[in-house]
Student: 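Before I ask anything, let me first share the structure, which is written out below as structure tokens.
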Amino acid sequence: MFTSDDHRYMARALQLAERGLYSTDPNPRVGCVLVRDGVIVGEGWHARAGEPHAEIHALRAAGERARGATVYVTLEPCCHHGRTPPCSEALIAAGVARVVVAMQDPNPRVAGGGLAQVQAAGIAIDSGVLAAEAEALNPGFVSRMRRGRPYVRCKLAMSLDGRTAMASGESQWITGAHARADVQRLRARSSAIVTGVGTLLTDDPSLTVRLDERSAEEFRQPLRVILDTQLRMPATAKLLAQPGQTLVLTASDAAAPRVALEQAGAEVVQMPAGAGGIDLAAAMQTLAAREINEVLVECGAVLAGGFLQAGLIDELIVYVAPVLLGDGARGLFHLPGLERMDQKRALEIRDIRKVGGDWRITAVPCSPDGA
């Protein structure tokens with residue numbers, strides 16, 4: 001169905017889409033290539049919400065050469081008026097001959113409507129070339145549209161004997177500078193960073209993105225989310241003085257600490273309680289309602305175990321340092337009730353690579369039936 005040229009030009013469109021990795025939120029990352037008579041006549045990618053979409057940039061670059069061209073775009077053209085006009089109408093007006101998309105848009109406001117509109121105008125359409133690669137570029141947007149919750153990554157760092165901190169709570173630094181720089185890139189692509197109040201009280205983190213190789217205009221500061229069941233977070237926490245927004249999710253209705261945090265710049269939202277703390281599924285739904293696509297969870301063993309047991313972790317990123325902390329140090333996950341081998345939690349390892357002097361393991365949790 002698809003030619004080698006279709007794959008080649010769509011691969012180029014995906015390369016362009018990746019340029020928006022840190023900046024398009026809450027929109028998806030999209031790239032577009034226009035080809036006429038075997039020559040690329042226009043390229044574009046979506047840079048940030050409110051600015052022109054990838055197709056518009058490519059059409060502007062092509063000018064009159066867009067007429068009769070084939071359009072390669074990584075996501076179905078939008079067909080509704082949002083912050084910008086519909087791309088489907090722009091493609092029709094430009095007189096393109098064929099539109100090839102990697103995947104249909106899971107947004108219910110589009111969901112095949114963009115392709116239908118283009119096809120009704122007499123333009124040939126094809127869908128599905130490099131679809132898996134396109135979806136992998138936008139896991140959070142796809143998750144929010146299909147499941148009503150963000151895509152959740154849990155980032156952890158451990159010693160070779162599986163420990164995350166000394167018994168005292170001291171944990172800085174288990175891993176080296178290269179691994180910590182890699183974490184900054186994970187933060188930069190995330191819509192929100194989530195941690196628990198226990199980690200905040202122990203480490204007083206900033207939870208900001210620090211990318212030395214990029215200017216501040218090339219990425220956003222993710223929303224900082226603190227899960228604080230009893231509102232123990234002090235109004236003097238370091239992160240409240242950092243650029244960006246802080247959201248505190250709590251099960252408490254105590255007025256005094258809420259007012260203190262709000263006066264310090266935080267937004268405080270009361271959530272339903274769940275097992276051992278805040279209802280984590282409800283918390284993720286709340287973030288989805290705020291157009292949060294990708295969540296990076298950076299936390300201790302108790303909260304990491306809670307996310308895992310709730311079935312909310314889509315991807316685990318574990319940095320392993322070649323050090324030993326001893327059996328008195330703290331473990332990776334708090335998972336009470338696991339007493340037999342048939343209760344073990346299975347993971348599928350998707351990637352292992354060296355990062356400086358450490359190793360990064362990427363894994364996904366398996367369902368109880370092993371899927």
Side-chain angles (χ1 to χ4, degrees), residues 17-31 45-56 74-87 103-111 113-114 134-154 186-195 207-209 217-227 239 242-249 265-272 278-298 307 312-315:
E18 195 169 5
R19 296 185 183 183
L21 187 66
Y22 301 149
S23 62
T24 65
D25 222 58
N27 290 355
R29 299 137 185 158
V30 182
W45 67 92
H46 184 46
R48 51 184 52 84
E51 295 186 5
H53 290 184
E55 298 95 318
I56 305 305
T74 58
L75 187 69
E76 175 185 3
C78 64
C79 56
H80 63 280
H81 286 269
R83 293 184 178 96
T84 57
C87 292
M103 63 177 288
Q104 290 191 13
D105 192 336
N107 186 342
R109 299 179 69 186
V110 183
E135 186 163 330
L137 190 60
N138 289 297
F141 180 79
V142 171
S143 176
R144 181 162 64 87
M145 293 301 163
R146 290 180 180 168
R147 303 187 296 178
R149 72 165 179 84
Y151 185 89
V152 178
R153 288 186 186 88
C154 183
L186 285 178
R187 286 182 177 184
R189 70 170 293 166
S190 301
S191 315
I193 304 172
V194 173
T195 194
L207 298 183
T208 54
V209 175
E217 290 75 23
E218 292 183 87
F219 59 88
R220 307 152 287 99
Q221 288 294 339
L223 175 69
R224 296 179 293 270
V225 182
I226 311 302
L227 304 184
L239 57 77
Q242 306 303 315
Q245 297 177 306
T246 299
L247 173 66
V248 181
L249 300 182
E267 180 184 359
V268 182
V269 174
Q270 191 171 354
M271 300 292 302
I278 291 169
D279 185 324
L280 296 178
M284 294 303 101
Q285 290 169 359
T286 295
L287 295 184
R290 292 169 176 252
E291 297 187 311
I292 297 297
N293 288 337
E294 297 182 26
V295 165
L296 182 64
V297 178
E298 299 190 36
F307 268 96
L312 293 171
I313 293 180
D314 297 301
E315 185 178 313

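Being a predicted model, the structure only gives us computed values, none of them experimental.
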Student: Can you see which heavy atom on A136 is nearest to which on P139, and at what distance?
Tutor: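 Answer, listing the atom of A136 first, then P139: O-CD, 3.2 Å.
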Student: Yes or no on side-chain contact (heavy atoms from CB on, under 4.5 Å) for M103 and V142, after CA distance, side-chain angles and deciding distance?
Tutor: CA-CA 11 Å; M103 63 177 288; V142 171; 4.0 Å; yes
Student: Quick one: which of L247, V248, T246 gives a side-chain contact (heavy atoms from CB on, under 4.5 Å) with R224?
Tutor: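 Result for side-chain contact (heavy atoms from CB on, under 4.5 Å) with R224: T246.
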Student: Are side-chain N/O atoms of N293 and S191 paired as donor and acceptor at under 3.5 Å?
Tutor: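 Looking only at side-chain atoms, S191 and N293 do not form any donor-acceptor pair under 3.5 Å.
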Student: Say you draw a straight line from CG of L223 to CD of E291; how long is it, rounded to the nearest 0.5 Å?
Tutor: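 Atom-to-atom, L223:CG and E291:CD are 12.5 Å apart.
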Student: What's the verdict on side-chain contact (heavy atoms from CB on, under 4.5 Å) for N107 and R144, showing C-alpha distance, side-chain angles and the deciding distance?
Tutor: CA-CA 9 Å; N107 186 342; R144 181 162 64 87; over 6 Å; no
Student: Within the 4.5 Å heavy-atom criterion, are M145 and P108 side-chain neighbours or not?
Tutor: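 M145 reaches P108 side chain to side chain.
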Student: Do V194 and I226 have side chains that approach each other closer than 4.5 Å (heavy atoms only, starting at C-beta)?
Tutor: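 A side-chain contact under 4.5 Å is absent here.
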Student: Sub-3.5 Å donor-acceptor pair from the side chain of R149 to the main-chain atoms of A281, do we have one?
Tutor: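 It does not hold such a pair.
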Student: Check whether any side-chain N or O of T24 sits under 3.5 Å from a backbone N or O of R48 as a donor-acceptor pair, and report yes or no.
Tutor: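 Side chain of T24 to backbone of R48: no pair is present.
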Student: Do L137 and E18 touch side chain to side chain, with heavy atoms closer than 4.5 Å?
Tutor: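 Side chain of L137 against side chain of E18, heavy atoms only: contact under 4.5 Å found.
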Student: Is it true that, when you exclude Q245 itself, more than 12 heavy atoms of the residues, nucleotides or ligands shown sit nearer than 6.0 Å to its CD?
Tutor: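 No - once you tally the heavy atoms of other residues, nucleotides and ligands closer than 6.0 Å, there are 12 at most.
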Student: Supply the atom-to-atom distance L280 CG to M271 CE, rounded to the nearest 0.5 angstrom.
Tutor: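 CE of M271 is found 9.0 Å from CG of L280.
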Student: Can a donor-acceptor pair be found, under 3.5 Å and without considering hydrogens, that links the side chain of Q221 to the backbone of V209?
Tutor: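 Indeed, once roles are kept as given, a pair shorter than 3.5 Å links the two residues.
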Student: Do L287 and V225 come within less than 4.5 Å of each other through their side chains, counting heavy atoms only?
Tutor: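 A side-chain contact under 4.5 Å exists here.
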Student: State plainly whether the residues E294 and R187 are in salt-bridge range, i.e. N to O under 4.0 Å.
Tutor: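 Between R187 and E294 there is no salt bridge, as every charged N stays at least 4.0 Å from the carboxylate O atoms.
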Student: Look at the side chain of E76 and the backbone N and O of G113, then say whether any donor-acceptor pair between them is shorter than 3.5 Å.
Tutor: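 Side chain of E76 to backbone of G113: a pair is present.
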Student: Dump the intermediate steps for side-chain contact (heavy atoms from CB on, under 4.5 Å) on F307 and M284, then the final yes or no.
Tutor: CA-CA 10 Å; F307 268 96; M284 294 303 101; 4.0 Å; yes
Student: Kindly say whether R29 contributes a backbone atom to a donor-acceptor pair with the side chain of N138 at under 3.5 angstrom?
Tutor: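 Checked: pair present.
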Student: Do F141 and N27 come close enough that some side-chain heavy atom pair is under 4.5 Å?
Tutor: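 SC-SC contact between F141 and N27 ruled out.
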Student: At what distance, to the nearest 0.5 angstrom, does CD1 of I56 lie from CD of E51?
Tutor: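 One finds 13.0 Å between CD1 of I56 and CD of E51.
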Student: Is there a donor-acceptor pair under 3.5 Å between the side chain of H46 and the backbone N or O of P52?
Tutor: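 Flag set: sc H46 to bb P52 pair under 3.5 Å.
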Student: Using side-chain heavy atoms (C-beta onward) and a distance below 4.5 Å, is R153 in contact with V295?
Tutor: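 R153 vs V295: side chains apart.
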Student: Please determine whether side-chain contact (heavy atoms from CB on, under 4.5 Å) holds for the pair I193 and E298, giving the CA-CA distance in whole Å, both sets of side-chain angles, and the decisive distance to 0.1 Å.
Tutor: CA-CA 7 Å; I193 304 172; E298 299 190 36; 3.9 Å; yes
Student: Within a strict 4.5 Å, meaning less than it, do heavy atoms of the E315 and C154 side chains meet?
Tutor: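 Counting from C-beta outward, E315 and C154 never come under 4.5 Å.
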Student: Can you check whether T195 reaches L227 side chain to side chain, under 4.5 Å on heavy atoms?
Tutor: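 Contact flag for T195/L227 side chains = no.
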Student: In Å, rounded to the nearest 0.5 Å, how long is the span from CG of D105 to SG of C87?
Tutor: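 Between D105 CG and C87 SG, I get 10.5 Å after rounding to 0.5 Å.
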Student: Looking only at heavy atoms, what is the nearest atom pair of Q104 and L75, with distance?
Tutor: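 For Q104 and L75, the tightest heavy-atom pair comes out as O-CD1, 3.8 Å.
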Student: Excluding sequence neighbours, so at least two apart, what forms side chain to side chain donor-acceptor pair (under 3.5 Å) with R147?
Tutor: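 Listed in chain order: S143, D314.
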